[in-house]
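Read the structure below first, then the notes.
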Amino acid sequence: AADPILRAIGVRIVGTAREDMVVPLHDAGGVAAWVAAVPYLRPSDLPRDVEGDDPLIEGVRRVYAEALDEARARREPGQALLAMGHCHMVDATPSELSERKILGGPQHALPADLFGEDVGYVALGHLHLAQSVTERVVYSGSPIPLSLPEETYPHQVRVVRFEDGALAEQVAHRIPRLVEVRRVPTHGPGSLDEVLAALATLAVDAALPASRRPFVDVRVRLDAPVPDLRAQVEAA
């Protein structure tokens, strides 16, 4: 819905597979690249007349192939070819607690050969952990922790540079974390005594506004019921 407004500042949103999924990227000289910007695909977005061992994967393959073929048709010498996707790739690492399964879940993970060899870079979304499927097929990851287990993730923005239509460099820039996430104990659930002792060592700058104070994930291993567990933790 926001696409017509955001186009005024050079931002394109492709929300459904029924839209034009081929988007030009411009530099000072004009069109510098073409992107096959494939959004999140629902089963209803996929063609029904597909064959193969897994019709779901083959349907996704055809959607990407059609978008990339259209981008190739518009591409001129010296222009880069890129792809984007909201998907789960084979051998990629999902996050704990915070990601919804898409399409059929990991059992329908997509192979990296979905993208042709002429595609210079593939920018993927959905998985929160920054990771490379191949050198040119990359999840930049979420910009902030979206669940407490993501405390250790290297949240980042990736800058990708092309020269004469070919991938020349890609650099990851860490995103400063304005609100810390702390897990107590750090190694996993601990006894109540261990947890209370660890909580007592936490230091927080009293000058921090409430919006900047850390989130704390407290993990306690119990051998018997402790009715006042919450009170003891909050007091510590």
Side-chain angles (χ1 to χ4, degrees), residues 2-3 6 9-15 23 25 33 35-41 80 82-103 105-106 109-110 112 114-115 119-162 167-190 195 198-199 201-219:
D3 183 53
L6 291 176
I9 58 171
V11 176
R12 281 290 310 278
I13 294 177
V14 180
V23 178
L25 296 182
V35 183
V38 179
Y40 167 68
L41 295 174
L82 297 87
M84 299 175 68
H86 184 130
C87 53
H88 189 138
M89 303 298 293
V90 171
D91 296 329
T93 303
S95 299
E96 182 184 348
L97 301 180
S98 60
E99 291 169 357
R100 293 187 302 169
K101 290 183 178 180
I102 56 176
L103 286 178
L110 305 174
L114 193 74
F115 315 104
V119 179
Y121 188 80
V122 182
L124 297 178
H126 179 63
L127 300 185
H128 298 171
L129 175 63
Q131 56 192 291
S132 297
V133 179
T134 70
E135 183 180 5
R136 63 191 178 92
V137 180
V138 179
Y139 288 93
S140 61
S142 63
I144 60 173
L146 295 173
S147 70
L148 291 166
E150 297 178 13
E151 173 250 341
T152 59
Y153 284 11
H155 301 284
Q156 61 180 243
V157 168
R158 297 187 72 85
V159 176
V160 182
R161 184 171 59 86
F162 285 79
L167 179 64
E169 181 184 44
Q170 47 177 308
V171 180
H173 295 272
R174 292 292 292 269
I175 299 174
R177 186 171 294 174
L178 296 181
V179 179
E180 291 294 326
V181 176
R182 302 182 186 178
R183 308 192 81 188
V184 179
T186 56
H187 58 270
V195 168
L199 287 173
T201 66
L202 289 181
V204 179
D205 183 354
L208 281 178
S211 61
R212 292 283 307 278
R213 292 175 185 168
F215 291 103
V216 180
D217 180 24
V218 181
R219 299 177 288 176

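The figures here come from the full heavy-atom set of this structure, side chains too, leaving out hydrogens, waters and symmetry mates. Since we're looking at a predicted model, the values are computed, not measured.
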>> Checking the side chain of Gln131 only, and the main-chain atoms of Leu129 only, is there a donor and an acceptor separated by less than 3.5 Å?
In response: yes
>> If I compare all heavy atoms of Leu167 with all of Gly120, which pair ends up nearest, and what's the gap?
In response: CD2-O, 3.6 Å
>> Could you tell me if Arg174 and Gln156 have a donor-acceptor pair between their side chains, going purely by distance under 3.5 Å?
In response: no
> How close do Tyr139 and Cys87 get, heavy atom to heavy atom, and via which atoms?
Replying inline: OH-O, 2.6 Å
> Is there a side-chain contact between Ile144 and Ile175 (heavy atoms, below 4.5 Å)?
Replying inline: no
> Which pair of non-hydrogen atoms, one from Ala172 and one from Arg158, has the smallest distance, and what is that distance?
Replying inline: CB-NH1, 3.8 Å
>> Can you confirm whether Val184 sits close enough to Val216 that some side-chain heavy atom of one is under 4.5 Å from a side-chain heavy atom of the other?
In response: yes
> Of the non-hydrogen atoms in Leu82 and Ala33, which two are nearest, and what is the gap between them?
Replying inline: CD1-CB, 3.6 Å
>> Taking Val218's backbone N and O only, do any of them form a donor-acceptor pair with Arg183's side chain (distance below 3.5 Å, no angle check)?
In response: no
> Say you draw a straight line from NE2 of His126 to OH of Tyr40; how long is it, rounded to the nearest 0.5 Å?
Replying inline: 8.5 Å
> Just by distance, do the side chain of His155 and the backbone of Ser142 share a donor-acceptor pair under 3.5 Å?
Replying inline: yes
> Does a side-chain heavy-atom distance below 4.5 Å link Gln170 with Tyr121?
Replying inline: yes
> Sub-3.5 Å donor-acceptor pair from the side chain of Arg213 to the main-chain atoms of Asp205, do we have one?
Replying inline: no
> Hey, does the side chain of Thr201 reach the backbone of Ala198 with a donor-acceptor pair shorter than 3.5 angstrom?
Replying inline: yes
> Looking only at heavy atoms, what is the nearest atom pair of Pro154 and Ala130, with distance?
Replying inline: O-CB, 4.0 Å
> Who passes salt bridge (charged side-chain N to carboxylate O under 4.0 Å, His left out) against Glu135, sequence neighbours left out?
Replying inline: none
> Sequence neighbours excluded, which residues qualify as salt bridge (charged side-chain N to carboxylate O under 4.0 Å, His left out) partners of Arg12?
Replying inline: Asp3
>> Quick check on Asp91: does its CG atom have over 12 non-hydrogen neighbours (other residues, nucleotides or ligands) under 6.0 Å away?
In response: no
> Say you draw a straight line from CG of Leu127 to NE2 of His88; how long is it, rounded to the nearest 0.5 Å?
Replying inline: 5.0 Å
>> For Ala37, give me all partners under side chain to side chain contact (heavy atoms under 4.5 Å, CB included), at least two apart in sequence or on another chain.
In response: Val14, Val23, Val35, Met84
> Sequence neighbours excluded, which residues qualify as side-chain hydrogen bond (donor to acceptor under 3.5 Å, both in side chains) partners of Arg136?
Replying inline: none
> Taking only residues two or more places apart in sequence or in another chain, which ones pass side-chain hydrogen bond (donor to acceptor under 3.5 Å, both in side chains) with Glu180?
Replying inline: none
> Where do Pro214 and Val179 come nearest, in terms of heavy atoms and distance?
Replying inline: CA-CG1, 4.3 Å
>> Are the side chains of Pro185 and Val195 in contact, using a 4.5 Å heavy-atom criterion?
In response: yes
>> Is any side-chain heavy atom of Leu124 closer than 4.5 Å to one of Val137?
In response: yes
>> Could you work out, with side-chain hydrogen bond (donor to acceptor under 3.5 Å, both in side chains) as the rule, every residue matching Ser95, not counting sequence neighbours?
In response: Glu99, Tyr153
> Does some side-chain heavy atom of Pro94 sit less than 4.5 Å from a side-chain heavy atom of His128?
Replying inline: no
> At what distance, to the nearest 0.5 angstrom, does CE of Met89 lie from CG of Leu114?
Replying inline: 6.0 Å
>> For a side chain to side chain contact (heavy atoms under 4.5 Å, CB included) check, start with the C-alpha distance between His187 and Arg219, then their side-chain angles and the critical distance, and finish with the verdict.
In response: CA-CA 10 Å; His187 58 270; Arg219 299 177 288 176; over 6 Å; no
